[in-house]
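What you see is a predicted model, and the numbers here were worked out from it, not measured in a lab.
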Amino acid sequence: QVHLVESGGGLVQPGGSLRLSCTASGFSLDYYAIGWFRQVPGKERERVSCISSYDGSKYYADSVKDRFTISRANASDTVYLQMNSLKPEDTAVYYCATDDGRGYYVCSSRFPRDMNNWGKGTLVTVAS
């Protein structure tokens, strides 16, 4: 089982930036699709972004499009979520998750389904 750890969360002012990392312990993420989700207490979990394992294509929720960027690090055990122009409504616990690593996941047709391995989350707070 892939163990994932999110990091990079914190307190940032509106308009600021953060970069979240999703790191796998002892595994390469090259053949895994990675999804980022967020959740505010009392609300449903929201899908944010995804990077496919099959073709590298990416998905962004409308609420974060043109502000967030998902990418794979040169080190194959980490995926980033670069978050720019942050807004108070971006405040949430952010989670990363992976599929089963078979290399055939295309975000546009499957995300958020079949995301089976989850990290414990990192808190992002956007406030002045």
Trainee: Would you compute the distance between atom OG1 of Thr122 and atom CZ of Arg38 and round it to the nearest 0.5 angstrom?
Mentor: 14.0 Å
Trainee: How long is the straight-line distance from CG of Leu81 back to OH of Tyr94, given to the nearest 0.5 Å?
Mentor: 7.5 Å
Trainee: Indicate whether the side chain of Glu89 and that of Ser63 have a donor and an acceptor atom separated by less than 3.5 Å.
Mentor: no
Trainee: Would you indicate whether the side-chain heavy atoms of Asp99 and Tyr32 approach each other to under 4.5 Å?
Mentor: yes
Trainee: Report the distance from atom OG of Ser53 to atom CG of Asp30, rounding to the nearest 0.5 Å.
Mentor: 10.5 Å
Trainee: Among residues two or more places apart or on two chains, list those pairs meeting ring-ring contact (aromatic ring centres under 6.0 Å, His included) that have a residue in residues 55-87.
Mentor: Tyr59-Phe111
Trainee: Is any side-chain heavy atom of Lys58 less than 4.5 Å from a side-chain heavy atom of Ser49?
Mentor: no
Trainee: Once you round to the nearest 0.5 Å, how far does CD1 of Ile34 lie from CD1 of Ile51?
Mentor: 8.5 Å
Trainee: For a quick test of reading the model, state the closest non-hydrogen atom pair linking Val64 to Val48 and the distance between them.
Mentor: CG2-O, 3.6 Å
Trainee: Nearest 0.5 angstrom please: Leu20 CG to Thr78 OG1, how far?
Mentor: 12.5 Å
Trainee: Are Leu11 and Met83 linked, directly or through intermediate hydrophobic residues, by side-chain heavy-atom contacts shorter than 4.5 Å (ILVMFWY only)?
Mentor: no
Trainee: Sort and list the pairs that fulfil disulfide (SG to SG under 2.5 Å) and have at least one residue in residues 53-128, not counting sequence neighbours.
Mentor: Cys22-Cys96, Cys50-Cys107
Trainee: Could you tell me whether a side-chain N or O of Arg72 sits under 3.5 Å from a main-chain N or O of Gly56, the two making a donor and an acceptor?
Mentor: no
Trainee: Would you find more than 12 non-hydrogen atoms of other residues, nucleotides or ligands less than 6.0 Å from Lys65 atom NZ?
Mentor: yes
Trainee: Judged by modelled atom types alone, do Ser57 and Ser52 share a side-chain donor-acceptor pair under 3.5 Å?
Mentor: yes
Trainee: Are the side chains of Tyr95 and Gln39 in touch, meaning some heavy atoms are under 4.5 Å apart?
Mentor: yes
Trainee: Any side-chain donor paired with an acceptor under 3.5 Å for Thr23 and Asp77?
Mentor: no
Trainee: Using the rule side chain to side chain contact (heavy atoms under 4.5 Å, CB included), only one of Leu18, Thr91, Val93 pairs with Val124; which is it?
Mentor: Leu18
Trainee: Test side-chain contact (heavy atoms from CB on, under 4.5 Å) on Met115 and Arg47; report intermediate values, then the result.
Mentor: CA-CA 11 Å; Met115 287 281 164; Arg47 57 178 177 171; over 6 Å; no
Trainee: Please tell me if the side chains of Leu29 and Leu4 come closer than 4.5 Å, counting only heavy atoms from C-beta onward.
Mentor: yes
Trainee: Not counting sequence neighbours, list each pair that qualifies as a ring-ring contact (aromatic ring centres under 6.0 Å, His included) and has a residue in residues 38-58.
Mentor: none
Trainee: How long is the span from the CD atom in Glu46 to the CG atom in Asp90, to the nearest 0.5 Å?
Mentor: 8.5 Å
Trainee: With a 4.5 Å heavy-atom cut-off, do Val79 and Ile70 have their side chains touching?
Mentor: yes
Trainee: Is Trp118 reachable from Trp36 through a run of I, L, V, M, F, W or Y residues, each pair having side-chain heavy atoms under 4.5 Å apart?
Mentor: no
